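The next block holds one structure in the form of structure tokens; read it before the comments.
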Amino acid sequence: MELKYGIGKGMNRFSTAAVLEEPISPPVQINYTKLLINGQFVDSASGKTFPTLDPRTGEVIAHVAEGDAEDINRAVSAARKAFDEGPWPKMSAYERSRIMLRFADLIEKNIEELAQLETWDNGKPYEQALTSELPIFVRLFHYYAGWADKIHGLTVPADGPHHVQVLHEPIGVAGQIIPWNFPLLMFAWKVGPALACGNTIVLKSAEQTPLTALYAAKLFHEAGLPDGVLNIVSGFGPTAGAALASHMDVDKLAFTGSTETGKIVLELAARSNLKPVTLELGGKSPFIICEDADIDKAVEQAHFALFFNQGQCCCAGSRTFVHERIYDEFIEKATARAMKRTVGDPFKKGIEQGPQIDSEQFEKVLRYIKSGIDSNASLQCGGERVGSKGYFIQPTVFSDVKDDMLIATDEIFGPVQTILKFKEIDEVIKRANATRYGLAAGVFTRNIDTANTLSRGLKAGTVWINCYDVFDAAIPFGGYKMSGIGREKGVYSLNNYLQVKAVVSPLNNPAWLERAKTHTISKDMDDTKVIHIISGGPLTEARLGKENPVAKLKKSEPQAWDPELLNEPTTLMEVDLLQEEYCLEEPQEEDSDARKLKEEPKLEAVEQIKLVVLDPTDKTKTIRLGTELESDVE
Ligand SMILES: NC(=O)c1ccc[n+]([C@@H]2O[C@H](COP(=O)([O-])OP(=O)(O)OC[C@H]3O[C@@H](n4cnc5c(N)ncnc54)[C@H](O)[C@@H]3O)[C@@H](O)[C@H]2O)c1
């Protein structure tokens, strides 16, 4: 194999990382291995268990109850009862929010145990779990607890006299299926919004990482979560997962995992009860480094974008596009950075990379590396396993990668960086978009115009500019194309767990509507010579008398609402008959009566004439001054 760009063959050895010491034993106890159904830890109906393995060694950490269709049935009926009979959806939103906050506090109290379990079961660096993922988990629950009492509907100004309320109701029993790469964070992304909206849940954890969901759910019950609201079933996809996706009594399904499985669960949901489905699936995200980028920063960010979490991120920046002018320098520095990456026991301080999750993923990643070599991409470094135990793989960098190579089209889900060369911005947009995925993208440039062009041209649910993997509870996340359906996190995730109900009722004479039929009423003029006209709609004009079509209303602003007079909202207007402005329309020469009114407005005379009121619907209403109520509208 030929190594380019000044990296000598001897440097491709990762010699320090290759020797793995005896695995560090985490001090955490494993207390929860059964299924959590209706607030109780129970054995699976079949009595079966499955081993969960330590990815550092492939050895068994614990045997966990293996749920299947019957356990899913039990869990769904507990969740159904908790939803239909309460108390969770019937509880005040404030009380729900307080339970979620208490849960977040308990997570903080138990943060070390949870981080240890997460690392043990998954293989991710303990420092990453403790200082990054668990704090984000807590933040997510604070965020969703904050939403619980701020979810409210709308009133809608529909055409016509109708009162239209739009209610936002919890959707019911949510089925949730999560993967193994971020077991706790995926728990938070799904459970947080579902509970904030008042739903109940059956969550199936990934078979590779069942431990932390059970621990976290136990803490939730300690925080006051009622029984049956959150049920956890450990088990396998084709059995427990499929049973959940196709359950007739599950009202909504949320899934994170591979695109292939996403298609399966979508079909199962459609074939059963057509439950709505949100999907967070795979990706092959471009990370584009323009010629003006700060190369050192770009190298570091591109490295992080790909290698973070052992490369097991759905949004990993797994196609590194580098402008031709900086390509050679970038390759050299990216390779040097990958070779410095510390691989080893994830419990050891300073370790950046632990093992891949399991033998299946490990073999798959090594197969892709072989395919890269076979297709004549240049292997810059890595390419081999680390040690002889567990699932450690050397940080691997390929250059000279072509768009149609498998390593550039498929999601490898491992520590393999593939670097491609580009020349023009339009060209790289086209190439970056030429994929079935559309989850995320990274852009590295100092030019705001280039950043704007790229961020708008790229078909991806997230575009990070001069940064990568910035996750915040409030930022929506999800994919274009085959990377998924819907968004999680942020306010968008609430919609996944709400039903929208329109409630429509008739409204008689609403004040804000123009209406064909307008009640009008005149009150006797008093000594201040004022006529009050009460109308259900905005009036534009009033004329005095058949013979005297000359006066306009002085005011057409709504002034008051007198429910005594009419049993519905009305507009009250005043006409001051003594003011000259009544004669807004110039009287015709021959209209002597009108002129008279303008010149000498006389109360007595006015009292004897009719007031003709025109409303915007162009209906003319005639009322006599002094009449109580005229509704004989023409
Ligand atoms: N978009 C995202 O947010 C995101 C996040 C993490 C992982 N992922 C993707 O997940 C994949 C890696 O995880 P994986 O290999 O474990 O994925 P996977 O699809 O095999 O498994 C994910 C989950 O689905 C379950 N499952 C498997 N088969 C099922 C079936 N027939 N019916 C119902 N459920 C089933 C599994 O038990 C697991 O809980 C990668 O492709 C990655 O991109 C995506």
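Because the structure is a prediction, the values reported are computed rather than measured. When a ligand or atom number is given, it counts from 1 through the structure's own listing order.
Checked by atom type, the side-chain pair N495/H168 shows no donor-acceptor distance below 3.5 Å. For the residue pair T278 / K252, a side-chain donor-acceptor distance below 3.5 Å is found, with atom types taken as modelled. Looking at Q312 and Q361, their side chains never bring a donor and an acceptor atom within 3.5 Å of each other.
Side chain of Q356 to backbone of Q310: a donor-acceptor contact under 3.5 angstrom is found. Between the side chain of N231 and the main chain of N38, a donor-acceptor pair closer than 3.5 Å is present. No donor-acceptor pair under 3.5 Å is formed between the side chain of D403 and the backbone N or O of A408.
Protein heavy atom in closest approach to atom 6 (C) of ligand 1: N181 ND2, 3.0 Å. Of all protein heavy atoms, the one lying nearest to atom 14 (P) of ligand 1 is W180 NE1, 3.3 Å. For atom 32 (N) of ligand 1, the closest non-hydrogen atom on the protein side is G237 O, 3.3 Å. What sits closest to atom 37 (O) of ligand 1 on the protein, heavy atoms only, is E207 OE1, 2.7 Å. Closest protein heavy atom to atom 12 (C) of ligand 1: F413 CE2, 3.6 Å. Atom 2 (C) of ligand 1 has as its closest protein heavy atom C314 SG, 3.0 Å. The nearest protein atom to atom 29 (C) of ligand 1, hydrogens excluded, is given as T261 CG2, 3.2 Å; this is a heavy-atom distance. Of all protein heavy atoms, the one lying nearest to atom 17 (O) of ligand 1 is S258 N, 3.5 Å.
Checking atom 21 (O) of ligand 1 against the protein gives no heavy-atom contact under 4.0 Å.
Separation of the F321 and F287 ring centroids does not fall under the 6.0 Å cut-off. Taking the six-membered ring wherever Trp is involved, the centroid distance between the rings of Y497 and W189 does not fall below 6.0 Å.
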- Kindly determine whether Y468 and F304 satisfy ring pair (Phe, Tyr, Trp, His ring centres under 6.0 Å), including the steps that lead there. CA-CA 8 Å; Y468 210 82; F304 171 64; 7.5 Å; no
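Classification of E267 and K263 as a salt-bridged pair fails, no side-chain N sitting under 4.0 Å from a carboxylate O. Salt bridge K124/E127: absent, no basic N to carboxylate O contact under 4.0 Å. Using a 4.0 Å cut-off between a side-chain N of Lys or Arg and a carboxylate O of Asp or Glu, D251 and R80 qualify as a salt bridge.
At a 3.5 angstrom cut-off on N or O pairs, W189 does not count as close to ligand 1.
In this structure, F141 and F187 have tilted ring planes: the angle between them lies in the 30° to 60° band.
The closest heavy-atom contact to atom 8 (N) of ligand 1, among the options G257, P179, S205, A245, comes from G257. When the options I178, T256, L279 are ranked by their closest heavy atom to atom 38 (C) of ligand 1, first place goes to I178.
Residue F477 approaches ligand 1 through these ligand atoms, each under 4.0 Å from one of its heavy atoms: 3 (O). Ligand 1 places these atoms under 4.0 Å from at least one heavy atom of I264: 31 (N). Less than 4.0 angstrom separates some heavy atom of A242 from each of these atoms of ligand 1: 32 (N), 33 (C). Atom numbering of ligand 1 starts at 1 in the shown order; those under 4.0 Å from a heavy atom of K204 are 36 (C), 37 (O), 39 (O). Those atoms of ligand 1 that come under 4.0 Å of a heavy atom in F255, given as number and element, are 19 (O), 23 (C), 24 (O). Close approach of ligand 1 to G241 (heavy-atom distance below 4.0 Å) involves ligand atoms 32 (N), 33 (C), 34 (N).
Contacts of T259 with ligand 1, taken as heavy-atom pairs under 4.0 Å, are absent altogether. Of all the heavy atoms of E260, none lies under 4.0 Å from any atom of ligand 1, so neither backbone nor side chain is involved. Under 4.0 Å from ligand 1, the heavy atoms of L281 that appear belong solely to its backbone. Counting heavy atoms closer than 4.0 Å to ligand 1, residue E411 contributes side-chain atoms (C-beta onward) but none from N, CA, C or O.
A cation-pi geometry, defined here as NZ or CZ lying under 6.0 Å from the six-membered ring centre and within 45° of its normal, does not hold between K489 and F471.
Not a single heavy atom of G484 lies less than 4.0 angstrom from ligand 1.
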